[in-house]
Undergrad: 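Take a look at the following structure, please.
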Amino acid sequence: MDKIKVQDFSLKHTIECGQFFYYIYDDKTNFYYIVNKNIVFKVKQEADYLHYYGIKKEELIYFFSLDIDIKTMTKDFSEDKYLILSLEKYFGMRLIRQDFEQCLISFVCSSASNIPKIQKNIFQLSKYFGKETGFDSKLFFTFPKIEQLDDITKIKNAKTGFRAKYILEINNIIKENPKLLEEIKIMNYKDAKESLMTLPGIGSKVADCICLFSLNHTEAFPIDTWVKQVIENLYLKREAKNLKEIEEYIEKNFKINKGLKQQYLFHYARNHLKE
DNA sequence: CACCAGGACCTAG
DNA sequence: CTAGGTCCTGGT
């Protein structure tokens, strides 16, 4: 077991804010067991320390964006009433840098769904297609490569529903063009988003999630129904004419660190706009 | 039982 | 180019 001192970090908010799905929380020990690609590790927070096992220090820092100076990044939050409120409530929430392929499949599963269901999909897909791995006397399955997700029956058995055919089609596309994913990884934001959107089951919102949570494109700003509500109800104070108007508002008013602002606004929305 | 939900896609107008 | 139906599943 190793430990590391952290600043301005909330493990709970970071893991549970809906950007990452493949984890189990053990309420007896307070450890989060996390599976990212083929790595299983556990981590818990006690005050300003993270206790961790199963992952290298550098990888842990990268995964949780602990190399980022959040105080600097959130400086201009003070210009926005709702960002201030959200920052108080969710202080320490950071963007996770997760495995690209795991993120891609997770967010294909996310459409018209919810967190528990997405988690179920990911756990099941891993069970069917991943590799069994013992850790801490528990049983885990690594998250498979997209290339391996080639059995429609198993994909459906993972309760992915109408998204199953998307996953299989993406599998086919990747097999025919094995370099595509690596190419997307090194593209700029605009090109990466565009390329992702050529894949079935990936529209604008899902592509932005993948860009933000796994490709380090911190300017991505996923617009889901909650964020749409925030912009309409709190900022515009009326319904938007269309999605374009929302995008333009965001472009104008959240110039820098857009992705992080999106996360905080999203959470503000979920708690304050329930009706 | 009917309805709906953190989205994408398809089709008609 | 856009509104509205449809797609599985699981919860209400």
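Since this is a predicted model, take the numbers as computed values, not measurements. Below, chains carry the letters A, B, ... as their sequence lines are ordered, and counting in each starts from 1.
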Undergrad: Salt bridge or not for Glu183(A) and Lys179(A), using N-O below 4.0 Å?
TA: no

Undergrad: Less than 3.5 Å between a donor and an acceptor, one on the side chain of Arg163(A) and one on the base of dC8(C), is that the case here?
TA: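 Yes, the side chain and the base share a sub-3.5 Å donor-acceptor pair.
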
Undergrad: Check every strand shown and say whether Pro200(A) touches a base, only sugar-phosphate, or nothing at a heavy-atom separation below 4.0 Å.
TA: sugar-phosphate

Undergrad: Looking only at side chains, do Glu59(A) and Tyr52(A) share a donor and an acceptor under 3.5 Å apart?
TA: no

Undergrad: Between dC9(B) and dG10(C), how far apart are the P atoms? Round to whole Å, please.
TA: 23 Å

Undergrad: Establish whether the base of dT9(C) is bridged to the side chain of Lys159(A) by a donor-acceptor pair shorter than 3.5 Å.
TA: no

Undergrad: Arg270(A) side chain: which of dG6(B), dT9(C), dG7(B) is closest?
TA: dG6(B)

Undergrad: Starting from the 5' end of DNA chain B, give me the residue, Gly201(A) or Lys117(A), whose nearest nucleotide shows up first.
TA: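 Result of the comparison: Lys117(A).
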
Undergrad: Hey, does Thr225(A) reach any base, or is it just sugar-phosphate, or nothing, if we go heavy atoms under 4.0 Å?
TA: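 Counting heavy atoms under 4.0 Å across all strands, the contact made by Thr225(A) is with sugar-phosphate only.
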
Undergrad: Less than 4.0 angstrom between a side-chain N/O of Lys156(A) and OP1 or OP2 of dC8(C), yes or no?
TA: no

Undergrad: Could you let me know what dG6(B) is paired to, Watson-Crick or G-U wobble, both distances under 3.5 Å, or none if it's on its own?
TA: none

Undergrad: Distance check needed: dG6(B) P versus Ile246(A) CD1, whole Å only.
TA: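 It works out to 15 Å between those atoms.
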
Undergrad: Tell me whether Tyr82(A) shares a hydrophobic cluster with Phe77(A), the cluster being built from Ile, Leu, Val, Met, Phe, Trp, Tyr side chains joined at under 4.5 Å.
TA: yes

Undergrad: For Asp208(A) and Tyr189(A), test the side chains for any donor-to-acceptor distance below 3.5 angstrom and give the result as yes or no.
TA: yes

Undergrad: Scan every strand shown for a Watson-Crick or G-U wobble partner of dC8(C), both distances under 3.5 Å, and answer none if you come up empty.
TA: none

Undergrad: With heavy atoms under 4.0 Å as the rule, sort Ile118(A) into base, sugar-phosphate or nothing.
TA: nothing

Undergrad: Distance check needed: dG7(B) P versus Lys228(A) NZ, whole Å only.
TA: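 Rounded to whole Å, this separation is 10 Å.
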
Undergrad: Taking the six-membered ring for Trp, are Phe140(A) and Tyr33(A) parallel (under 30°), tilted (30 to 60°) or perpendicular (over 60°)?
TA: parallel

Undergrad: Is Phe162(A) stacked on the base of dC7(C), with ring centres under 5.5 Å apart and planes under 30° apart?
TA: yes

Undergrad: Please report the distance, rounded to the nearest Å, between NZ in Lys120(A) and P in dC8(C).
TA: 17 Å

Undergrad: Base, sugar-phosphate, or nothing for Ser204(A), non-hydrogen atoms under 4.0 angstrom?
TA: sugar-phosphate

Undergrad: Starting at CG of Asn114(A) and ending at C1' of dT12(C), how long is that distance when rounded to a whole Å?
TA: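 Answer to the nearest Å: 12 Å.
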
Undergrad: Could you tell me how far dT2(C) sits from dG6(B) if I compare only their P atoms? Round to whole Å.
TA: 22 Å

Undergrad: dC7(C) P sits how many Å from Ile167(A) CD1, rounded?
TA: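 Spelled out: CD1 on Ile167(A) to P on dC7(C) is 18 Å.
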
Undergrad: What's the closest nucleotide to the side chain of Asn242(A) if the choices are dG10(C), dA8(B), dT2(C)?
TA: dT2(C)

Undergrad: Could you state the atom-to-atom distance from CG of Asn271(A) to P of dG6(B) in whole Å?
TA: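 Rounding to the nearest Å, CG of Asn271(A) and P of dG6(B) are 14 Å apart.
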
Undergrad: Using whole Å, report how far OH of Tyr166(A) lies from P of dC10(B).
TA: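 In whole Å, dC10(B) P and Tyr166(A) OH are 7 Å from each other.
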
Undergrad: Inspect the contact between Lys228(A) and Glu232(A) and indicate whether a charged nitrogen and a carboxylate oxygen are less than 4.0 angstrom apart.
TA: yes

Undergrad: Pick base, sugar-phosphate or nothing for Leu199(A), based on heavy-atom distances below 4.0 Å to the nucleic acid.
TA: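 Sugar-phosphate, no base atom in range.
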
Undergrad: CH2 of Trp226(A) versus C1' of dG7(B): gap in Å, rounded?
TA: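 To the nearest whole Å, that distance equals 15 Å.
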
